[in-house]
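A short write-up of the structure that comes next.
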Amino acid sequence: MNKSQTSHVFSVDLEDWYQGIEIDIDQWDAFVPRIRNGLDPLLDLLQESNTKATFFVLGYQAEKTPELIRQLSDSGHDIASHGYSHRFVYQQTPDEFRTELRKSKVILEDICGQPIDGYRAPFFSITNASLWALDILLEEGFKYDSSLFPVKNYRYGVKGAQRKPGWITTQDGNRLFEIPLSTVRLPNPAMRMARNIPMSGGGYFRLYPYALTKLLVRCLEKERLGLVFYMHPWEYDPDHPKVEFPRAFPKFTHYLNLHTSAEKTRRLLSDFQFKTIKNCYAEHYLSASK
Ligand SMILES: [Zn+2]
């Protein structure tokens, strides 16, 4: 096997299937939990390739299955926060966001016995409407964020956001280490401009043929950029229930090509070398900001 030498990040947004589909937390008790149905095949794939991942864990799920999160942490995976309720950040007030963030941090630190210093927003929902959240992350002791997606769609994205991991300046003038989701810059001569093609994982990974993903990762490597890859446990559980969504398009992307996730992931892990965010970037985000 001839893997490239570039270090890529494997991340997992750890939530159960009904938590990431725009159904409010008040209704979650009605759904049957299946976290292990998807997580176990994913963990098998990671183990087969001797890969450790960063798990952005939803606080609500951590409360339900603390032993599972402890097991992940004890086996060398990296634990970070995915908030508590999976509500869009831009639909929360700054106070609500802070309360939820604090709650998730306490839950995860109690379980893992170590500081939780990374965050990823539900639905990548730190956008121009919620950039204030980045200052609150710093105030609450977080060292890095991995929520910004340099694209623009109906649900998330910050057009013009930097594509490379590095320090960003927040609204209040503070410095925060940002690990944006991966995009490939594609020239568009017809419009005399370039645009960012999302290719970071999740629905994009399930939509694209594996050969296209591989090509796009090679494009990143030519720029000396590592892929910041993300998946969810439910993407490895193609038999999870089909329910009605509040909106049609998210339903389409949620269930798209679920049966392809495992095999594509096996190939990705075979072709490229992945690490946790901590292993790739801690020396940067733990250094004093400049
Ligand atoms: Zn999520």
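In listed order, ligands and their atoms are each counted from 1. When reading the values below, keep in mind they use all heavy atoms of this one structure, side chains included, and skip hydrogens, waters and symmetry mates.
The side-chain contact (heavy atoms from CB on, under 4.5 Å) check on R155 picks up E22, F88, Y90, F123, N153, R247, P250, with sequence neighbours excluded.
Protein atoms of type N, O or S found under 2.8 Å from the Zn ion (ligand 1) total 3.
A side-chain donor from one of Q61 and Q19 sits under 3.5 Å from a side-chain acceptor of the other. Side-chain contact of S11 with R120: a donor-acceptor pair under 3.5 Å is present, judged by distance alone.
Salt bridge D237/R36: absent, no basic N to carboxylate O contact under 4.0 Å.
The stretch residues 126-147 participates, sequence neighbours left out, in these salt bridge (charged side-chain N to carboxylate O under 4.0 Å, His left out) pairs: R98-E139, R98-E140, R102-E140.
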Could you pull out every donor-acceptor pair under 3.5 Å between side chains of residues 177-186 and any protein atom, sequence neighbours left out?
| from | atom 1 | to | atom 2 | distance (Å) |
| --- | --- | --- | --- | --- |
| E178 | OE2 | S147 | N | 3.4 |
| E178 | OE2 | L148 | N | 3.1 |
| S182 | OG | V228 | N | 2.7 |
| T183 | OG1 | R163 | NE | 3.2 |
| R185 | NH1 | N196 | OD1 | 2.7 |

